Amino acid sequence: MSIALHGMGVSRGIAIGNVHVIQRDQPDVHEYFLKSNEVEDEVKRFETAITCAREQLRAIRKHIPHATDTDIAAFIDTHLLMLEDSALTHEPIRYIREYKCNAEWALKQQRDALVSVFDEMNDAYLRTRKDDVDYVVSRIQRFLSNRSPLLHEEPGSHSRLSGYIVLANDLTPADTVMMQHNGITGFLTEYGGPTSHTAILARSLGLPAIVGVQHALKYINEEDFVILDGTRGVLIIDPDRRTRTQYERLQRKEKRYYADLRKLKGKPAVTLDKVVIDLQANIELQDDFETVKEVGANGVGLYRTEFLYMNRDEPPDEEEHYDTYTKVIKALGGLPLTIRTLDLGADKQVDGGSRQTRPIAANPALGLRAIRLCLKEPGLFKPQVRAILRASVHGPVRVMIPMLSNVHEMTQVLQMVDAIKTELDEKNIDYDHHIQFGGMIEVPAAAVCAEIFARHMDFLSIGTNDLIQYTMAIDRVNDEVNYLYDPLHPAVLRLIHGTIRAGEKSHIPVAMCGEMAGECQYTRLLLGLGLREFSVHPAVLLEIKQIITQSDIGELSRLAKRALNAENGVEVADIMSLASPMTLSS
Ligand code: PEP
Ligand code: MG
């Protein structure tokens, strides 16, 4: 009888094959006492285990394929650094000497102490770092107990596990790298979340993966035949013939689909009726810019800068801003970069800096956020704008102001910019004298009056995440009202359409950088509403391009016109479903 287990699909794709089970719990460790003359030998045994663990990790690092994400090397480097850290190398030795106990026990005590510190942290990301401690500790423990490696750790040699799907309670990033060498086609873990290193690695290695399937080891045995669907987060044990055939067909279809998508990389996004669409990428962290080039985006339509301010006590100074932007601009090698100025407040609170002195507002989403905060605290905003201007000599840069609700806010920004330019001129500091300033349309007031805004700006970009939140009067982080979040609501469509029209009238470009632009089911509607610039997450860019190349603007404009008169989102979806079917690879 087949059984289906559900978890969190963290890396898409389908794997079909037999299971190899890996047990990676912290081993059961027992305490025993040593005679005084045995203590130094025990210390040596511990030091040897550390050395072996280090050598093993270095060997794995050497075998990371060049084409894989630099993140992978970084994860392993983190573990190598931990193997140099006195918390793991010296503390257990101190413990062995003080309590005259075995090395395994001393290491376990130190591991428990470190993990309890991580457990107390509020930050979800930092809490997952306790996994790193466990990974490193269990590697050392394996050497102490002379247990064999979990996967065949001689990269390049033939592995009996080729074609297998790995099941484990948890995996290390190094295991994930070794999986590739062993020809493993997918994996499932009992623990872990979408931000765990292992999940990130699975995505960059293109291994279908599901995490967080609690008690999976109870239901699955070595050599069981399974289907792992990383897209939907489902594992089917012992599938019947029909299910297997269906999945094999789906697997072939997905493979062809992604292979076809990759072919689109260097091609322009042009519709069937020859309308050229500008496809740009959204980035947050500095490292994301590599992926911008990988998918062949035309530039960055939204660079969120608030991440520079998070998890620290003091806001970044002008030099840090300047260095960061300069690096990104140079890495983009001439592709245009749209830097969105600080958008803190609401769900994006920071830990330190001057903002800590303010009480949290009752309705933070309606409070002192983004440009409102920046105008109130020029000390926070000015260094950023000055740094952007200075960095603009290194490549094409535009500045985008978030959360505008009236034109006066933009006028104030431009006055501040003029003053900064004068200061720079006086000091003979160069900047791009034609740098463009645009605004995000994400407050309904701005969307309704988009025509007025368009007259004062070089470009507009629609932030649908906030525009929908404010139009529907729902807090975007409140689960209880999530059901009202509807990008197809006629009110939302009319605001989007009105903004695009305002841009056309003033002859300025209008982009969309909210999540709606990156969701495939809305692409054709947005094309029909007149959107010609999309800024989306790099991971979905090629899929959006695929849809664009299969679309006819003439047809979509007619349908979108009808959709604008629909009474609700369901009717809008029905109307858009009348568009000619796409001839994607099938
Ligand atoms: C938006 O609101 O759509 C947007 C892109 O900005 P953020 O999600 O950062 O608020
Ligand atoms: Mg926003």
Side-chain angles (χ1 to χ4, degrees), residues 284-286 302-329 337-394 397-433 435-440 442-443 446 456-458 463 466:
E284 290 177 6
L285 304 174
Q286 243 192 74
L302 167 65
Y303 174 31
R304 290 183 166 98
T305 56
E306 44 282 4
F307 295 90
L308 267 172
Y309 294 77
M310 294 183 172
N311 297 323
R312 56 192 293 164
D313 292 330
E314 291 298 324
D317 62 9
E318 182 180 324
E319 286 317 301
E320 188 178 338
H321 278 294
Y322 173 78
D323 289 344
T324 308
Y325 306 146
T326 302
K327 257 192 222 149
V328 179
I329 294 166
L337 171 69
T338 307
I339 302 180
R340 195 218 9 224
T341 56
L342 177 60
D343 180 4
L344 285 178
D347 59 319
K348 288 178 270 195
Q349 299 291 340
V350 289
D351 302 334
S354 54
R355 291 153 312 283
Q356 230 175 15
T357 55
R358 291 181 194 288
I360 299 278
N363 285 312
L366 303 179
L368 199 59
R369 186 191 152 182
I371 191 59
R372 303 169 183 185
L373 176 69
C374 288
L375 290 174
K376 184 105 182 167
E377 291 194 25
L380 202 61
F381 189 42
K382 216 176 134 187
Q384 181 176 36
V385 179
R386 230 178 109 97
I388 299 174
L389 280 170
R390 284 173 53 207
S392 67
V393 292
H394 300 298
V397 172
R398 310 191 299 177
V399 185
M400 183 157 81
I401 309 296
M403 275 285 288
L404 292 164
S405 42
N406 65 58
V407 167
H408 184 57
E409 289 162 331
M410 193 65 192
T411 323
Q412 279 177 275
V413 170
L414 293 176
Q415 275 168 2
M416 183 189 285
V417 171
D418 281 344
I420 295 173
K421 283 182 177 172
T422 309
E423 279 168 29
L424 293 175
D425 288 338
E426 280 166 7
K427 293 191 175 149
N428 280 329
I429 300 175
D430 203 9
Y431 58 90
D432 173 7
H433 290 253
I435 188 166
Q436 295 192 341
F437 279 78
M440 287 192 68
E442 49 186 349
V443 174
H456 293 263
M457 290 180 214
D458 298 317
D466 280 313

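Just so you know, these numbers come straight off a predicted model, no measurement behind them.
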Point to revise | Q384 versus L342, closest heavy-atom pair with distance | key: OE1-N, 3.0 Å
Practice item. Report the distance from atom CD1 of I388 to atom NE2 of H321, rounding to the nearest 0.5 Å. Key: 8.0 Å
Review point. Quick one: does M410's side chain get under 4.5 Å of F437's, heavy atoms only?
Key: yes
**Study point:** Rounded distance [0.5 Å steps], CG in L380 versus OG1 in T341
**Key:** 10.5 Å
Study note, to complete from the structure: Minimal heavy-atom distance between M400 and P402, with the atoms involved, is O-CD, 3.7 Å
Point to revise | Note, E409 side chain near I401 side chain (heavy atom, < 4.5 Å) | key: no
Practice item. Would you give the length of the straight line joining atom NE2 of H408 to atom CG of L375, rounded to the nearest 0.5 angstrom? Key: 8.5 Å
Check your understanding: Nearest 0.5 Å, what's the SG-CD distance between C374 and Q412?
Key -> 11.5 Å
Review point. Hey, is the main chain of G367 close enough, under 3.5 Å, to the side chain of R372 for a donor-acceptor pair?
Key: yes
Review point. Does T338 reach the main-chain N or O of L302 with its side chain, forming a donor-acceptor pair under 3.5 Å?
Key: no
Review point. Would you say S392's side chain and V397's backbone share a donor-acceptor pair under 3.5 angstrom?
Key: no
Exercise for review: Indicate yes or no: at least one non-hydrogen side-chain atom of L404 is less than 4.5 angstrom from one of M440.
Suggested key: no
Point to revise | Where I329 and L337 come nearest, the two heavy atoms and their spacing | key: CG1-CD2, 3.7 Å
Check your understanding: Is there a donor-acceptor contact under 3.5 Å from the side chain of E306 to the main chain of L344?
Key -> no
**Study point:** Interatomic distance, I339 atom CD1 to T324 atom OG1 [nearest 0.5 angstrom]
**Key:** 9.5 Å
Review point. Is K382 atom NZ crowded by more than 12 heavy atoms from other residues, nucleotides or ligands, each under 6.0 Å away?
Key: no
Review point. Can you say whether the rings of H394 and Y322 are parallel (under 30°), tilted (30 to 60°) or perpendicular (over 60°)?
Key: tilted
Check your understanding: Is a side-chain donor or acceptor of D458 paired with a backbone partner of G438 at a separation under 3.5 angstrom?
Key -> no
Point to revise | Under 3.5 Å donor-acceptor, E318 side chain and A387 backbone | key: no
Study note, to complete from the structure: Across all chains, not counting sequence neighbours, the ring-ring contact (aromatic ring centres under 6.0 Å, His included) partners of Y431 are H433
Check your understanding: Which is it for D343 and R304 under the side-chain contact (heavy atoms from CB on, under 4.5 Å) test, yes or no, and what are the steps along the way?
Key -> CA-CA 8 Å; D343 180 4; R304 290 183 166 98; over 6 Å; no
Point to revise | Interatomic distance, F381 atom CZ to I420 atom CD1 [nearest 0.5 angstrom] | key: 7.5 Å
